[in-house]
Structures are given as structure tokens and as C-alpha cells.
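The residues of the chain are indexed from 1 along the displayed sequence. Everything numeric in this text was worked out from a predicted model, so none of it was measured. Atom set for the values below is all heavy atoms of this structure, side chains included, hydrogens, waters and symmetry mates excluded.
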Amino acid sequence: MSTTQLSVAASCALASSLPSLKTVLLIRGGANLVASALDKAVAVSGGGAKPPRELDGNVDILGISFTPKGRSVLCMAIAMSLHYLGYSFARPSTLALFTSTSTGYSSPAAFPLAMAFVSPTSLLLLMGYGRMLDRFGPKGALQRTSMFCATVLSVAAAAIVLLKESTWLSIPAAKFITGPLFVFRESYVQLLTSQYWSFMSSVLTPRQAAQWFAPISGLTSITSALAGLSVSSIVQKIGLPGALGLTSLMTVLSVVAASTAYGISERNNFDPATEIEKKTRRRETTKRTENQDLVETHPSLVKKAADLFARVPQLWLLFLEILSSQGLATLLNVCFVTRLSTAIPNDRERAGWMGKFFALINVISMSIQFGVLPPIMTILEPRDLWRTMPMVLVCFTTFQSLQTDPSLNVVSASLLVMKTLEYSVRRMLDELVYVPLDYESRFVGKEVIGVFGYRFGKSSMSLVLSALTAIFGDFTLQALSWLCSGASFLWLTCAWRLSNLVPTRREAEERYEKAHKNKRG
């Protein structure tokens, strides 16, 4: 599919979504209208009760009134969109560098081996995030982790340029950069994404979240699609390392937008950090005894996660569901990379093709997020969608496994469906689970599941593949497709178990109101 065709598809997707969103526009000034719609949703919070006075008050822009909560959610959505804009430059660039014959690794075993290192890297990032969260709070943790990621990407890009012609031990020096860079790129994306969603899950009610999480995800699909469409031309002009530099710049800009969102929440007394501060003070008070001074303890992140999984069974089942879904995604990705590297051997052509492929994924996701999910969520319960997603993948992977030598189109179709459901439906359902839960579930449990769970699922499957390859030799594409089919049935089982504990929209709203009534009391 050409760039022009994708651009037309994107335009059609936007046009078809407008009736369901009425006058919501999403380019330039249209962002204000999104905020206005969010404001109306936030304004009806609490069953029509008069909202508390907020210090900033409403702000009128072009005759549209913005509440502080609406502005904060919009700013955080923009921050997440900038993050995904940059990530969409980094994904095809790092993959092209990693699979390049000159700067990367051509062995079929290289990709699953690299993916095996993603989980330990994610764990290290998660541990660093946990310390920052305890020390600086959610705002400081987001700022510092974002700047760290931007620095790593920019330094890696510069190193690739400087070492392009160098060799170490008769090995191209760039290979010592592209491998770790690929692992880091796979690891950092969820570290930042989960923090954006944690803030928005803390600000919106379950009813508002069900209405607006899909369009908010749609903003990321728009920026990702635009980035995917432009990857080919950008790489032609500034090269693959230059595209990584753009990723770093977008990450820095996302920090500005996220800091603005937190600044609004702090000035208007709905900062998510205040919830844990009050809980910490109550915990410290109960620890005081007549003959013992206060001893402040900081449980490890592992203990916090274990306690959360025991206290909130939905989180444990969500963790298992993510392990199974990401295991399937890894298998489909291995099939995709294996077929793509032989079908398109040229590095720049391969990067451009991948950019357009992921742009198509985001165009379809955007259409679902804006035109399909908002009306559907007023009819179906979240548990119904949890059960439907893996059923669709069972059909596609079964068809792929029946092909003796699956073509690039067949393999790409399975990955496209998986990624489209993951970006549109699953992302929304995942976030809805956290909305009625407490601070620790949203900011600690979410990061453990989102960062470690996602990557542990991929790394575990990669280790299994590497072990099987070492024992039986390289797998054929059909054999890999058989594994994909089995993994899709495993995902269906885990998702079904999780769906049994997912509350209905009404139950989630009641839990949220009860929790916040107790907090106010």
C-alpha cells in the first residue's frame, strides 16, 4: 500500500469517525474541542452533585469552557501522543538496524535471543522507577524516567554515527550498539506509557473512562500513523540514527506536556500523589507506640507487587493474561521478522515498508477507537470484549498454521490483527481495570504489570524458542505458526478467567464512588 493510499485511508477513517464524535476535531485547534468534551464528562462526575471549587476555575478559549480536570487529561493525552510519535520513529529504525547485514544480526536466532534480554532490562527499569516513585512521587518519576530514556536514545544515535566505520575484534563496532539499543527500545515504551495512563485513571471516573479512553488512545494512533507514513522519507533524508534523534526530541516534548498536566492537578487539589501521602501518614501514625519511635519502612517493589496480587485478584489474572498475549505477540513477531528479512533484504526499503505497515495498523486502530468503540461500549460490557479478542486471533493463527509456507501477506495479516486489537480494544480494556482501584494498584501494580509483565511474556517465549531451536534446530514458518495457534488458545483461556472478575460498568462506578466517599470521609 502506497503512502498516498494510506493518507487517503487515514482521512477516510477520520471522516467516518466524526459523526460519532460530533464536532470533535483532532488536528491543531480541534484539540480544544476534545478538551471541551472531556470537561463536560468530568463536570457530571458524582451523580450531578455540585463539584468542589477548583482554584484555577474554568478557562475560556475560543468560546469553549475548559475545567482544570479536562485540561489536565488533555495535556497528559498530548504527552502520550508525543511519546508514541517518537516511538513510531524508533521502532522501524531500531528493527532495521538490528536486522541489517552491516550493523545488525542476520541469524534467525538473533531476534528471539535479543527478546530474551528484554525482561531483565525491563525489570531494571522498573526497579529504578520504583525508587523514583517513592522518592519524588509520580510527577518526578515520570519526568526523570522520560529524560533518562531520551538521553539513552540520543547517545545511542550519536554512537552509531561515530562508530559506523569502526571495528572491534574484527566485528563492526555498531553491532555493539544496535543490539542493546533494540533491547532498550522494546523495554522503555511501556515504562512511560503506563505512567501516562496511571494519571488519567486517577482523574477520570469509570463512566468517563469508558467513554473517553478509546478516543484518547486514538490520539496516539493518529500520531503513530503520521510518523509511520513519514518514516521512509525521514530516513532517506537524515538516516536511521537521525530518526532516533527525533524520538529523543519527542520524548523531551512529552515531558513538558506531562509536567503541565501534573501542575494543573497540583494547583487544583486533585494530584494523585495526595492519595498515597494521606495513606502514608495514617500508616505512620499507627506504627507509633508508647515506647517506640516511628520507624519508617520501605517495602521492596517485589513485596509490594506480591501484596497487591494477593489483595487484588484482578491484577494477578491480568498479569497472567498479559503473559499469554505477549507470548503470542512474540511468536507472531518472530514469524513476521523472519519472513520480512528474506522478502525485503534492503535495509532502508525494509524500514520504509515497516513504517507503512505500522501506519496501516494505527489507521485501522484509530477508526476502531473513534468510530466503533464509543458506541459499542454503551451496549457491551468490558468482559464481552475481553472474551472476543482472543477468539479472533484463534481464527487467524489457525489459518496461518494450515499454510505450508506462509507468505508475507498471511503472516503480516495475523500480526496486523494482533497489533490492531492490542492498540485499540485491549489498551482500553486494560486501563478500565485500574480506574476503580486504589493508588497502589494504579501506580505500582500497573507499572509491574505493564512494564515487567509485558516484557516478561515476550522474554519467556523468546527463551523457550531459543531453547527449542538449540535442541531441534531452526523452525520452519509453518512450525512457528503451529506454536502461534497453540498460544492463541492459551490467551483465550487466560482472558476468559480474567473476564469473570471484570466488573460491569455499573459495578465499577459503584466501587469508585464508594472508595472516593471513604477517602473524603
Side-chain angles (χ1 to χ4, degrees), residues 38 41-42 45-46 68-81 83-84 129 133 137-139 141-142 145 190-220 257-258 261-262 264-266 268 270-276 279 304-305 308 311-312 314-315 318-319 321-322 369 373 377 382 385-386 423-451 453-454 498 501-503 505 507-516 519:
L38 278 171
V42 173
S45 169
K69 283 190 176 182
R71 294 199 307 276
S72 69
V73 171
L74 177 62
C75 287
M76 193 59 73
I78 292 173
M80 185 166 64
S81 298
H83 162 59
Y84 271 97
Y129 164 79
L133 182 64
K139 177 182 177 181
L142 178 54
T145 52
Q190 281 296 329
L191 175 73
L192 302 185
T193 301
S194 296
Q195 295 181 69
Y196 304 130
W197 281 115
S198 293
F199 176 87
M200 291 185 284
S201 297
S202 301
V203 172
L204 297 178
T205 68
R207 183 174 60 252
Q208 295 158 5
Q211 181 180 4
W212 290 109
F213 274 180
I216 288 172
S217 297
L219 290 176
T220 66
Y262 268 106
I264 294 172
S265 71
E266 290 168 351
N268 293 275
F270 58 89
D271 180 13
T274 58
E275 182 179 341
I276 192 60
K279 185 180 293 185
K304 287 182 180 179
L308 275 173
R311 180 168 59 86
V312 187
Q314 297 98 312
L315 295 182
L318 181 59
F319 183 76
E321 186 274 336
I322 285 178
Q369 288 159 335
L373 287 178
M377 289 306 295
L385 296 179
W386 275 115
Y423 293 167
S424 57
V425 182
R426 198 197 170 286
R427 181 180 292 173
M428 176 198 67
L429 294 176
D430 189 29
E431 303 308 325
L432 288 177
V433 171
Y434 295 100
V435 176
L437 303 181
D438 58 11
Y439 174 91
E440 288 185 335
S441 297
R442 296 193 305 270
F443 282 90
V444 178
K446 182 173 178 52
E447 284 294 324
V448 171
I449 293 173
V451 178
Y454 267 90
L498 171 63
L501 290 185
V502 172
R505 292 188 301 273
E507 290 171 344
E509 194 72 27
E510 291 174 351
R511 293 179 189 178
Y512 179 90
E513 291 296 334
K514 181 180 179 181
H516 281 67
K519 185 171 67 175

- request: For residues I216 and V73, determine if any side-chain heavy atom of one lies less than 4.5 Å from a side-chain heavy atom of the other.
  value: yes

task: Walk me through it: do W386 and V425 pass the test side chain to side chain contact (heavy atoms under 4.5 Å, CB included)?
output: CA-CA 9 Å; W386 275 115; V425 182; over 6 Å; no

M200 and its side-chain contact (heavy atoms from CB on, under 4.5 Å) partner, picked from Q208, M76, E431: M76

query: So do T220 and R427 actually touch side chain to side chain, heavy atoms under 4.5 Å?
result: yes

field: Pairwise distance CD(Q369) to OG(S217) - rounded to 0.5 angstrom
entry: 5.0 Å

query: Taking all atoms of both residues into account, what is the closest heavy-atom pair of S198 and K446, and its distance?
result: OG-CD, 3.1 Å

field: Parallel, tilted or perpendicular: ring planes of H83 versus Y196, cut at 30 and 60 degrees
entry: tilted

Shortest non-hydrogen separation from A257 to I78 and the atoms involved: CB-CG2, 4.3 Å

message: Please find the pair of heavy atoms, one from L219 and one from A77, that lie closest to each other, and give the distance.
response: CD1-CB, 3.9 Å

task: State, to 0.1 Å, how close M428 and A214 come at their nearest heavy-atom pair, and which atoms those are.
output: SD-CB, 4.0 Å

query: Stepwise, does the side chain to side chain contact (heavy atoms under 4.5 Å, CB included) test hold for L308 with E440?
result: CA-CA 8 Å; L308 275 173; E440 288 185 335; 4.0 Å; yes

- request: Check whether any side-chain heavy atom of S265 lies under 4.5 Å from a side-chain heavy atom of V203, and answer yes or no.
  value: no

Side chains of P215 and W212 in contact at under 4.5 Å (non-hydrogen atoms): yes

message: In the structure I gave you, are the side-chain heavy atoms of P272 and F199 within less than 4.5 Å of one another anywhere?
response: yes

- prompt: T145 side chain to L142 main-chain N or O, any donor-acceptor pair under 3.5 Å?
  reply: yes

message: Let me confirm one number: the OG1-OH distance from T193 to Y84, rounded to the nearest 0.5 Å.
response: 3.0 Å

message: Could you go through V502 and E507, starting from their C-alpha distance and side-chain angles, then the distance that decides it, and tell me whether this counts as side chain to side chain contact (heavy atoms under 4.5 Å, CB included)?
response: CA-CA 9 Å; V502 172; E507 290 171 344; over 6 Å; no

- prompt: Does the side chain of Y262 reach to within under 4.5 Å of the side chain of C75, using non-hydrogen atoms?
  reply: no

query: Do D430 and L318 have side-chain heavy atoms sitting under 4.5 Å apart?
result: yes

message: Do M377 and F213 make a side-chain contact, defined as non-hydrogen atoms from C-beta onward lying under 4.5 Å apart?
response: no

message: I need the Q314 CD to L498 CG distance, nearest 0.5 Å.
response: 8.0 Å

- prompt: Could you give the distance from OG (S72) to CG (L204), rounded to the nearest 0.5 Å?
  reply: 8.0 Å

message: As an exercise, state the distance from CZ of R71 to CG of N268, rounded to the nearest 0.5 Å.
response: 7.0 Å

- request: State, to 0.1 Å, how close P68 and I264 come at their nearest heavy-atom pair, and which atoms those are.
  value: O-CG2, 3.3 Å

- prompt: L437 and L315: side chain to side chain contact (heavy atoms under 4.5 Å, CB included), yes or no, with the steps?
  reply: CA-CA 10 Å; L437 303 181; L315 295 182; 3.9 Å; yes

